[in-house]
Amino acid sequence: LLGSDTLDDATLDQMEELLYTADLGPAAADLMDALRKARAAGEVTEPAQVEPFLRDQIVDMLGDDVADTPVGSGPRVVLVVGVNGSGKTTTIAKLAQLLKREGRSVMLAACDTFRAAAVEQLGVWADRLEVRIVKRETGADPSGLAFDAADAAQREDIDVLLVDTAGRLHTATNLMAELVKIGRVISKRIPGAPHEVLLVLDGTTGQNAIAQAREFKQAVAVTGLVVTKLDGTAKGGAVVSIRRQLDLPVRFIGLGEGADDLERFAPAAFVEALFD
Amino acid sequence: SLTQRLSKVLGGLTGGGRLTEKAVDEALEEVRAALLEADVHFRVVRDLIARVREQAVGQEIVKSVSAGQMLVKVFSDELVGMMSSEGEPFTFAGGRPTVVLMAGLQGSGKTTTTAKLAHWLRTEHRRKPLLVAADIQRPAAVDQLKILGEQIDVPVFHVPGEPPEVLAELALAEAKRTGRDTVLVDTAGRLHIDAELMAELSRVRERVTPDTTFLVCDAMTGQDAVRSAEAFQQTLPLDGVILTKLDGDTRGGAALSVRHVTGAPVAFVGVGEKIEDLQRFHADRLVSRILG
Ligand SMILES: Nc1nc2c(ncn2[C@@H]2O[C@H](COP(=O)(O)OP(=O)(O)OP(=O)(O)O)[C@@H](O)[C@H]2O)c(=O)[nH]1
Ligand SMILES: Nc1nc2c(ncn2[C@@H]2O[C@H](COP(=O)(O)OP(=O)(O)OP(=O)(O)O)[C@@H](O)[C@H]2O)c(=O)[nH]1
Ligand SMILES: [Mg+2]
Ligand SMILES: [Mg+2]
């Protein structure tokens with residue numbers, strides 16, 4: 001990766017470009033500071049030591065694994081949120097696939113009752129994966145549907161209820177209020193639910209991901225992130241800043257458009273990919 | 001704001017003085033940080049800073065304006081120059097239907113934007129558009145475009161079981177037959193590193209020779225914007241870029257990087273999910289947003 005055989009400024013510049021172009025943002029500046037200090041202190045003296053040093057720093061920043069919220073009896077409810085086009089609906093399909101493979105019963109709630117053919121899109125996935133879906137026509141009230149889905153999941157003794165929601169920008173006050181209402185309505189029917197709120201972030205997104213995480217966390221107590229489209233060339237580095245500033249862990253990463261293209265987050269592998 | 005940040009750094013240097021090299025370097029560090037925060041590509045920032053540094057050192061500070069304001073103006077002028085364009089987004093063909101091809105990464109807003117453009121063409125240019133649902137891969141993508149077409153009273157062409165390039169060709173024939181003068185082809189989102197799907201896009205282009213090809217790009221894209229835009233440009237010469245989801249609070253620096261690396265001007269911006277939420281691009285507005 002590094003062409004020179006001395007740890008000179010040109011080598012450091014190369015590393016700085018790598019960090020910034022991975023969308024690490026503010027974390028990139030801190031990493032370069034740490035690297036310069038380490039060089040000055042004689043802790044890092046050759047180019048070959050740079051990448052392992054930085055990898056360790058970033059893995060540290062990503063923090064420890066955070067356990068899932070335990071669920072007593074009744075369905076585990078997962079609310080899936082995020083801005084438009086980030087990959088929520090497809091991620092739900094992937095989660096359903098993963099859970100089914102683990103032997104759990106799954107139900108989907110098609111609470112995007114706004115966007116053209118959103119209900120149809122989730123319906124296709126439900127058919128393909130052979131999972132139960134609670135849906136209504138476009139234009140129906142999403143909160144009412146969320147309540148009915150929670151009710152059905154409880155009564156039908158479902159293991160996991162995955163709730164799809166319409167894409168919305170975190171700056172749209174009325175839409176964020178709608179999301180709060182959906183969460184509240186779910187908790188009315190199933191106390192303690194939703195047990196997980198997954199913010200789906202598009203892996204190609206830059207620094208705006210931090211603002212998205214901040215606003216969604218403030219509104220609906222996000223518990224974890226899914227970073228999609230990492231099968232492309234984007235590195236998803238913004239999640240490092242999100243963990244540092246908001247203490248939100250990455251739960252899963254999306255690596256394609258098929259139902260199998262989801263992996264549980266592995267910090268070491270993620271960090272290694274940053275340097276590919 | 002950037003002007004305030006620079007004023008702090010430049011210690012209120014005002015009229016009568018000249019910008020020293022040291023003062024310029026400190027101020028440029030501040031601008032560099034602002035541009036990177038705004039998602040402008042690392043290399044684009046580096047080149048831009050170098051160009052402006054040349055212009056800025058030794059500049060006399062105009063009496064009525066602070067050094068900070070002056071430096072922001074230098075950057076603003078430079079960026080507006082980079083983002084401006086003279087041409088019209090559409091070239092309408094004579095005597096045959098005009099073909100518009102939409103391409104881009106997954107989820108960037110192509111389907112919604114294709115419908116918005118059809119509506120725009122009808123209301124602003126009195127065209128008779130035909131929408132082509134050529135995304136046969138995403139679940140309910142054809143339904144999505146058909147529903148949007150119904151909302152704006154524009155016909156949507158689709159034949160089940162045909163690949164995208166055949167759909168586009170059949171749609172062109174249909175347009176000629178039914179007197180539709182503009183054919184807008186929606187395509188599936190794809191990765192620029194997916195050789196097969198990029199070849200498919202090439203085939204669509206070869207079959208219908210688009211008059212205008214748009215890259216639909218999400219305004220919140222980060223540093224990857226350069227990589228993907230460059231790759232799309234290599235497969236499909238781009239006539240324009242449409243920047244979507246600008247109704248959010250993303251600074252939109254990716255637009256600068258995309259223009260810089262492809263040469264394609266931003267023609268339109270998407271500012272919402274509704275059909276009417278499409279506007280002509282204004283360089284000065286985006287630049288002041290990027291500079292923060
Ligand atoms: N390459 C790739 N594409 C993905 C991934 N996840 C989702 N997509 C694609 O991204 C596009 C948008 O996905 P959706 O699931 O519709 O996104 P969404 O967040 O539900 O969109 P809205 O409901 O409109 O806000 C689709 O074309 C998906 O196939 C991923 O991990 N990799
Ligand atoms: N807020 C906002 N949302 C937008 C804008 N343009 C599109 N969207 C939304 O972004 C999401 C994705 O739009 P699509 O048109 O499905 O995107 P696409 O590029 O066709 O997606 P694929 O076909 O899966 O690649 C939808 O929820 C749209 O309503 C915009 O300008 N502003
Ligand atoms: Mg969706
Ligand atoms: Mg589409």
Side-chain angles (χ1 to χ4, degrees), chain A residues 13 16-26 28-29 83-90 93 114-125 127-128 138 166-172 175 202-212 215 228-229 231-238 256-257, chain B residues 33 36-43 45-46 105-112 115 137-151 188-194 217-228 231 244-254 257 270 272-273:
Chain A
D13 286 350
E16 185 180 44
E17 175 165 350
L18 185 147
L19 296 176
Y20 273 105
T21 55
D23 286 316
L24 281 166
V83 304
N84 306 76
S86 64
K88 298 175 291 300
T89 305
T90 311
F114 170 73
R115 203 208 70 211
V119 174
E120 288 84 335
Q121 183 186 3
L122 194 62
V124 170
W125 282 115
D127 288 341
R128 282 185 191 173
T138 300
R168 70 202 68 219
L169 295 183
H170 52 291
T171 47
L175 296 182
D202 187 323
T204 66
T205 300
Q207 298 310 303
N208 196 247
I210 304 172
Q212 292 173 27
E215 295 306 317
T228 62
K229 309 177 194 175
D231 45 320
T233 50
K235 303 293 183 179
E257 302 191 66
Chain B
L36 288 171
E37 269 166 43
D39 293 324
V40 181
H41 193 268
F42 186 86
R43 286 198 185 167
V45 173
R46 189 180 54 197
L105 294 173
Q106 289 91 345
S108 60
K110 296 173 295 300
T111 303
T112 311
Q137 179 258 346
R138 168 172 153 157
V142 174
D143 292 332
Q144 186 184 3
L145 193 62
K146 281 188 172 170
I147 290 168
L148 293 173
E150 254 168 67
Q151 286 175 7
R190 68 203 62 219
L191 294 178
H192 50 294
I193 54 169
D194 187 327
C217 184
D218 194 324
M220 61 185 96
T221 309
Q223 299 283 314
D224 196 56
V226 156
R227 269 181 294 235
S228 51
T244 62
K245 308 176 202 173
L246 261 178
D247 42 317
D249 60 0
T250 191
R251 300 266 289 281
S257 317
E273 295 192 75

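Values below: every heavy atom of this structure, side chains too, minus hydrogens, waters and symmetry copies.
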| message | Taking side chain as everything from C-beta outward and backbone as N, CA, C, O, which of these in Asp143(B) sits under 4.5 Å from a heavy atom of chain A? Side chain, backbone, both or neither. | response | both
| Residue part contacting chain B, namely of Glu257(A), when any heavy atom lies under 4.5 Å | side chain
| request: Considering only heavy atoms and a distance below 4.5 Å, find which of Gly123(A), Ala116(A), Ala211(A), Ala209(A) pairs most often with chain B. | output: Ala116(A)
| request: Report the distance from atom CD of Gln106(B) to atom OG1 of Thr90(A), rounding to the nearest 0.5 Å. | output: 9.5 Å
| field | Reported OG1-to-NE2 distance for the pair Thr233(A) and His192(B), which is rounded to 0.5 angstrom | value | 3.0 Å
| said: Side chains of Leu105(B) and Lys229(A), heavy atoms from C-beta outward: is any pair under 4.5 Å? | reply: no
| query | Looking at side-chain heavy atoms only, is the closest gap between Gln121(A) and Gln144(B) below 4.5 Å? | reply | no
| said: Under 4.5 Å from any heavy atom of chain A, what part of Asp247(B) do you find: side chain, backbone, both or neither? | reply: both
| said: Ignoring hydrogens, what is the shortest heavy-atom contact between Glu120(A) and Ile147(B)? Give both atom names and the distance. | reply: OE2-CD1, 4.0 Å
| query | With distance as the sole test, does Asp224(B) use its side chain to make a donor-acceptor pair with the main-chain N or O of Lys235(A) at under 3.5 Å? | reply | no
| said: With chain B as the partner, which of Thr89(A), Val83(A), Thr138(A), Thr205(A) has the greatest number of non-hydrogen pairs under 4.5 Å? | reply: Thr205(A)
| query | Is any side-chain heavy atom of Thr204(A) closer than 4.5 Å to a side-chain heavy atom of Asp218(B)? | reply | no
| field | Under 4.5 Å from any heavy atom of chain B - which part of Gln212(A) | value | side chain
| In terms of heavy-atom proximity below 4.5 Å to chain A, should Ile193(B) be classed as side chain, backbone, both, or neither? | side chain
| field | Separation of Ser86(A) OG from Met220(B) CE (nearest 0.5 Å) | value | 8.5 Å
| query | Which region of Arg251(B), side chain (C-beta onward) or backbone (N, CA, C, O), has a non-hydrogen atom less than 4.5 Å from a non-hydrogen atom of chain A, or is it both or neither? | reply | neither
| What residue in Arg43(B), Glu37(B), Lys146(B) has the most heavy-atom pairs under 4.5 Å with chain A? | Arg43(B)
| task | Measure the CG-CD distance between Leu175(A) and Glu273(B) for me, rounded to the nearest 0.5 Å. | result | 7.5 Å
